[in-house]
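Predicted, not measured: the structure shown is a model, and the values here were computed from it. Heads up: numbering here begins at 1 and tracks the sequence. Keep in mind that the numbers below use all heavy atoms, side chains included, and drop hydrogens, waters and symmetry copies.
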Amino acid sequence: MRTLWRQARVATLDDGPDAAPGGWIERGALVTDGERIAWVGDEAALPAGLQVDAEHALGGALLTPGLVDAHTHLVYGGHRAREFERRLQGASYEEIARAGGGILSTVAATRAADDAQLLALAEARARALQAEGVTTLEIKSGYGLSAEHEARCLRVARRLGERLPLTVRTTCLSAHALPPEFAGRPDDYLDAAIAWLPALQAEGLVDAVDAFCERIAFTPAQTRRVFEAAQRLGLPVKLHAEQLSDQGGAALAAEFGALSCDHLEHLSPAGVAAMAAAGTVAVLLPGAYYFLRETQQPPVAALRAAGVPIALATDHNPGSSPTLSPLLMLNMACTLFRLTPQEALAGMTCHGARALGLADRGRLRAGLRADLAVWSLEHPSELCYAFGQRPAVRVVQGGVERA
Ligand code: NIG
Ligand code: FE
């Protein structure tokens with residue numbers, strides 16, 4: 001099935017040798033052939049005699065790659081609105097975590113929810129992301145923290161990818177927090193988590209392995225153990241790094257060729273250099289920065305100067321970023337972190353895809369996946385500008401328009 005999309009203003013995000021200057025085509029067209037993009041360029045240059053099965057005239061609408069949300073914790077039970085109230089009254093995220101609340105309160109609610117409930121909750125969240133143009137989504141475990149419950153959460157994530165017109169990438173984050181049954185015994189817990197990883201992988205539930213390297217979570221030495229286990233299994237790694245303090249996590253992750261390091265508010269110059277050398281993507285999460293009322297910004301200028309690709313994601317989770325709006329993240333990345341609108345859009349398309357190890361999407365180029373978003377807007381800057389407005393969007397995933 002060949003489909004022609006014409007009368008489009010196209011932001012290709014492409015910087016390849018044949019790309020349009022600045023990745024921008026004012027009077028553009030795009031042809032999909034099955035799941036792939038067959039052609040993209042100036043409408044006036046469409047191949048003569050092109051035969052298509054369907055044609056859509058977009059009347060000047062903005063065409064971009066489908067959005068890639070490369071960091072979410074979408075599968076969980078309960079919520080943390082009361083914790084939000086406590087933080088507003090002065091309790092810190094770290095204090096609440098140390099007192100057994102925070103992530104562990106979501107672990108209790110997740111374990112108490114049955115599979116159908118977890119799936120229904122996660123599906124509603126995924127549909128909300130899709131309604132803002134998301135076509136590829138990463139989902140982490142990390143609220144199960146036992147062999148049984150981590151598997152349940154990852155299965156729900158996989159089911160979502162089968163039920164919805166979305167690509168779902170799953171990440172095993174068993175090293176997210178220390179479950180109560182292992183209190184005071186973090187290394188014993190990691191022994192267990194490392195032991196259950198091969199079975200999760202064998203069931204096809206793990207595309208990558210993540211950890212939370214922080215004062216309230218796991219040390220760099222413990223994180224190294226998790227990464228070594230992943231490496232033995234041939235699984236790529238990512239890291240929640242330098243969110244609340246500089247643990248040297250980013251340099252450690254870079255040593256393992258990490259796909260990404262995420263958060264990074266407290267990233268050091270040495271961490272930036274290590275990520276640049278390893279080709280590791282920096283995933284910035286303005287929702288968590290905002291919601292935890294952080295004041296130290298990630299070192300955007302240093303990341304830029306070092307040539308580290310900067311991705312953006314919602315980090316949707318009940319504790320630090322309960323948002324389901326990728327477009328709000330684009331806005332916040334500009335207002336809070338001073339990214340340009342162009343950088344912000346790249347962060348949720350091509351660089352988000354790279355943070356997931358997906359080379360086949362995130363740009364509009366012949367041969368790549370036909371994951372597209374058609375916005376009732378004229379210019380990409382509008383995606384970052386009109387926060388909270390939810391512009392109309394048509395989503396095409398694998399060449400097929402999705403309702
Ligand atoms: O990405 N930093 C650790 N993990 C999540 C928050 C998890 C939670 O508070 O439930 C994050 O911010
Ligand atoms: Fe996270």
Side-chain angles (χ1 to χ4, degrees), residues 71-80 83 97 100-126 137-164 168-214 216-218 222-223 225-240 316-320:
H71 181 141
T72 84
H73 308 246
L74 214 71
V75 179
Y76 61 87
H79 66 78
R80 308 241 290 276
E83 176 182 314
I103 294 173
L104 291 187
S105 66
T106 300
V107 171
T110 303
R111 288 177 175 182
D114 66 28
D115 293 2
Q117 289 168 325
L118 288 178
L119 182 64
L121 290 166
E123 181 167 333
R125 295 169 191 141
L137 176 62
E138 185 249 23
I139 301 178
K140 302 175 194 294
S141 67
Y143 293 123
L145 308 188
S146 71
E148 176 198 348
H149 292 291
E150 286 287 283
R152 264 176 7 102
C153 293
L154 289 167
R155 284 185 202 120
V156 165
R158 272 280 176 265
R159 285 273 300 282
L160 271 186
E162 291 155 11
R163 282 167 72 95
L164 299 181
V168 170
R169 300 295 283 178
T170 56
T171 299
C172 182
L173 177 57
S174 298
H176 193 198
L178 191 60
E181 57 277 18
F182 282 92
R185 296 185 295 130
D187 281 292
D188 291 350
Y189 172 63
L190 290 181
D191 287 343
I194 286 167
W196 71 55
L197 187 56
L200 296 179
Q201 181 188 26
E203 203 183 317
L205 297 175
V206 185
D207 296 321
V209 171
D210 195 348
F212 185 19
C213 182
E214 191 51 72
I216 51 168
F218 296 95
Q222 290 162 347
T223 302
R225 293 187 54 207
V226 175
F227 285 174
E228 283 169 353
Q231 196 172 53
R232 283 194 294 276
L233 296 170
L235 290 167
V237 302
K238 317 166 75 70
L239 190 65
H240 283 70
H316 174 85
N317 76 76
S320 70

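- In this structure, Ala211 and Leu239 approach most closely via the heavy-atom pair O-CD1, 3.2 Å.
- Closest approach of Pro318 to His79, counting heavy atoms only: CB-CA, 4.4 Å.
- Taking Ala97 as the reference, Ile216 meet the side chain to side chain contact (heavy atoms under 4.5 Å, CB included) condition, with sequence neighbours excluded.
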message: Using side chain to side chain contact (heavy atoms under 4.5 Å, CB included), reason through Leu119 and Arg155 one step at a time and then give a plain yes or no.
response: CA-CA 9 Å; Leu119 182 64; Arg155 284 185 202 120; over 6 Å; no
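- With values rounded to the nearest 0.5 angstrom, Tyr143 atom OH is found 9.0 Å from Ser105 atom OG.
- One side chain, His240 or His71, offers a donor N or O that lies under 3.5 Å from an acceptor on the other.
- A salt bridge between Arg111 and Glu148 is absent, with no side-chain N of the basic residue lying under 4.0 Å from a carboxylate O of the acidic one.
- For the atom pair Leu235 CG and Leu200 CG, the distance stands at 10.0 Å (nearest 0.5 Å).
- In this view, Thr106 and Arg80 satisfy the side chain to side chain donor-acceptor pair (under 3.5 Å) rule, not counting sequence neighbours.
- The backbone N or O of Leu154 sits nowhere less than 3.5 Å from a side-chain atom of Ser141 that would complete a donor-acceptor pair.
- Annotation for Ala113 and Leu118: closest pair CB-CD2, 3.8 Å, computed over non-hydrogen atoms.
- Residues Ala126 and Leu137 share a closest heavy-atom pair of CB-CD2, 4.1 Å.
- Taking all atoms of both residues into account, the shortest heavy-atom contact from Val168 to Ala157 is CG1-O, 3.5 Å.
- Taken from CG in Leu104 to CG in Leu145, the straight-line distance is 7.0 Å, to the nearest 0.5 Å.
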Please tabulate, for side-chain N and O atoms in residues 189-196, each donor-acceptor pair with protein atoms closer than 3.5 Å (sequence neighbours left out).
from   : atom 1 : to     : atom 2 : distance (Å)
Tyr189 : OH     : Ser174 : O      : 2.7
Asp191 : OD1    : Arg225 : NH2    : 2.4
Trp196 : NE1    : Ser174 : OG     : 3.1

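- A search for side chain to side chain contact (heavy atoms under 4.5 Å, CB included) contacts involving Gln231 returns Phe256, not counting sequence neighbours.
- Using a 4.5 Å cut-off on side-chain heavy atoms (C-beta onward), Gln222 and Asp187 make contact.
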Verdict with reasoning, Val226 to Phe218, per side chain to side chain contact (heavy atoms under 4.5 Å, CB included): CA-CA 10 Å; Val226 175; Phe218 296 95; over 6 Å; no
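- Summarising the geometry, atom CG belonging to Leu121 is positioned 9.5 Å from atom CG belonging to Leu74; distances are rounded to the nearest 0.5 Å.
- In this structure a side-chain-to-backbone donor-acceptor pair under 3.5 Å is present from Glu150 to Gly142.
- Between Lys140 and Asp210 a salt bridge is recorded (basic side-chain N to carboxylate O distance below 4.0 Å).
- Pairs engaging residues 113-126 under the side chain to side chain donor-acceptor pair (under 3.5 Å) rule: Tyr76-Arg125, Asp115-Arg152, Glu123-Arg127, Glu123-Arg163 [sequence neighbours left out].
- Under a 3.5 Å cut-off, the side chain of Gln201 and the backbone N or O of Leu233 do form a donor-acceptor pair.
- The salt bridge (Lys or Arg N to Asp or Glu O under 4.0 Å) pairs that include a residue from residues 168-177 are Arg169-Asp207, where partners are two or more places apart or lie in different chains.
- We find the CD1-NE2 distance between Ile139 and His316 to be 10.0 Å, quoted to the nearest 0.5 Å.
- The nearest pair of heavy atoms linking Leu205 to Ala151 is CD1-O, 4.1 Å.
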field: Pair Thr171-Val206, side chain to side chain contact (heavy atoms under 4.5 Å, CB included): steps then yes or no
entry: CA-CA 6 Å; Thr171 299; Val206 185; over 6 Å; no
task: Might you work through the side chain to side chain contact (heavy atoms under 4.5 Å, CB included) test for Phe212 and Ile103, ending with a clear yes or no?
output: CA-CA 11 Å; Phe212 185 19; Ile103 294 173; 4.1 Å; yes
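- Between the side chain of Thr110 and the main chain of Gly77, a donor-acceptor pair closer than 3.5 Å is present.
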